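Notes for the one structure printed next.
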Amino acid sequence: MNGAPVLQVRVTAKVCEADDICSFELLPVEGELPPFEAGAHIDVHVRDGLVRQYSLCSRPHERHSYQIGVLREPASRGGSMAMHDEIEVGHVVTIGAPKNHFPLQAAARSLLFAGGIGVTPILAMAEALSAAGADFEMHYSARTPERAAFRARIAKSPFAGRVHFHYDSGDAAQKLDALRSLGAPEPGTHIYVCGPGGYIDHVLASASALGWPPAQVHREYFSAAPVDAGGDAPFDVRLASSGQVFKIPVGRTVVEVLAENGIDIPVSCEQGVCGTCLMRVLDGVPEHRDVYLTDEERAANDQFTPCCSRSKSALLLLDL
Ligand code: FES
């Protein structure tokens with residue numbers, strides 16, 4: 001992990017919000033927290049060498065604390081387990097300043113879709129839109145009511161009437177019908193989707209089938225889908241500034257090989273989710289393995305995420 005941590009916060013509340021989901025309230029140890037906008041996330045230094053990104057779900061107009069929601073995921077790389085099992089009220093934690101790759105756009109109307117723990121940035125969006133008096137509707141899907149976090153907060157909010165809950169359990173009438181919830185494209189409406197990969201893909205495919213322009217559809221993935229590395233081959237990268245060439249073997253990333261040679265590229269998630277390592281490609285064809293770039297950006301082949309992506313061509317010329 002590169003990039004400077006910027007502030008220390010104290011955990012002032014840890015609340016079980018739903019089955020396997022805890023929220024953490026974070027207050028600055030000293031000074032003020034930087035402002036943030038809905039959709040932003042922070043790096044949390046869970047412990048030495050373990051940094052994870054969590055979306056802020058607090059009200060963006062309230063500055064005294066941050067709130068994040070964390071799903072315990074035993075099958076993940078260990079960050080969420082450590083948050084649940086090791087971080088307690090009173091602990092001081094290092095975090096990064098908020099970054100926002102999922103901002104709200106100026107729009108006549110917004111349609112918000114949250115699946116599971118994807119509710120965290122979507123809830124901040126609902127808070128911001130509600131505070132601004134904007135027109136929006138929110139659809140929140142979970143496996144069961146017990147797995148839907150922040151239900152009490154939503155029920156008490158001024159936008160409770162705008163939120164539709166959908167559960168995999170229960171009768172068919174309340175389940176998410178993405179085609180119906182999206183409806184026909186409207187020029188002034190923007191769509192926001194966050195949740196598990198399958199959920200996001202389903203809503204995006206539904207929007208595409210209905211003819212929604214990609215520029216009006218925004219999504220944020222929390223993790224990358226597993227990749228079949230069976231067909232991987234070595235490739236070379238050349239640095240435009242120095243002309244140095246490095247071989248990237250199977251099983252190693254561009255970031256790792258360059259770091260071994262004293263060239264540090266800032267990284268955070270190291271799985272193609274956050275965009276921190278994004279780099280311009282001047283020649284060659286990347287094999288994109290991120291979930292950060294849009295389809296259009298990927299097709300342009302002029303940038304890639306060296307923490308996880310590889311190359312279809314024998315050589316990539318990097319703007320480094
Ligand atoms: Fe997050 Fe590469 S470090 S996309």
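Worth saying up front: this structure is predicted, and the values here are computed from it rather than measured. Read the numbers this way: they start at 1 and go in the same order the structure lists the ligands and their atoms. Side-chain atoms are counted along with the backbone in the values below, which use heavy atoms only and exclude waters and symmetry mates.
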Practice problem: Could you list the atoms of ligand 1 found under 4.0 angstrom from a heavy atom of G275? | Solution: 1 (Fe), 4 (S)
Quiz item: Looking at E270, which atoms of ligand 1 are within less than 4.0 Å of one of its heavy atoms?
Solution: 1 (Fe), 3 (S)
Quiz prompt | Sub-4.0 Å atoms of ligand 1 with respect to non-hydrogen atoms of C274 | solution = 1 (Fe), 3 (S), 4 (S)
Quiz item: Can you find a non-hydrogen atom of D290 under 4.0 Å from ligand 1?
Solution: no
Quiz prompt | Side-chain ion pair, D20 and R143, N-O less than 4.0 Å | solution = no
Exercise. Mark yes or no: R310 above the aromatic ring of F235, with NZ or CZ under 6.0 Å from the six-membered ring centre and no more than 45 degrees from the axis.
Key: no
Quiz item: Which ligand 1 atoms are under 4.0 Å away from a heavy-atom of S268?
Solution: 3 (S)
Quiz prompt | Pair Y140 and F150, ring centroids less than 6.0 Å apart | solution = no
Quiz item: With a cut-off of 4.0 Å, which atoms of ligand 1 are near a heavy atom of V273?
Solution: 4 (S)
Self-check item: Numbered atoms and elements of ligand 1 in range of G272, under 4.0 angstrom, heavy atoms
Solution: 4 (S)
Quiz item: In Å, rounded to the nearest 0.5 Å, how long is the span from CD of E73 to OG of S223?
Solution: 6.5 Å
Practice problem: Nearest 0.5 Å please: distance from the OH atom of Y292 over to the CG atom of L278. | Solution: 6.0 Å
Quiz item: Is there an N/O/S atom in C269 at a distance below 2.8 Å from atom 1 (Fe) of ligand 1?
Solution: yes
Practice problem: Please state whether the separation between atom 1 (Fe) of ligand 1 and some N/O/S atom of C277 is under 2.8 Å? | Solution: no
Practice problem: Give the C-alpha distance, both sets of side-chain angles, the deciding distance and a yes or no for side-chain contact (heavy atoms from CB on, under 4.5 Å) between V291 and R219. | Solution: CA-CA 10 Å; V291 287; R219 83 285 186 274; 5.5 Å; no
Quiz item: Is there a donor-acceptor pair closer than 3.5 Å between any side-chain N or O of R63 and the backbone N or O of E32?
Solution: no
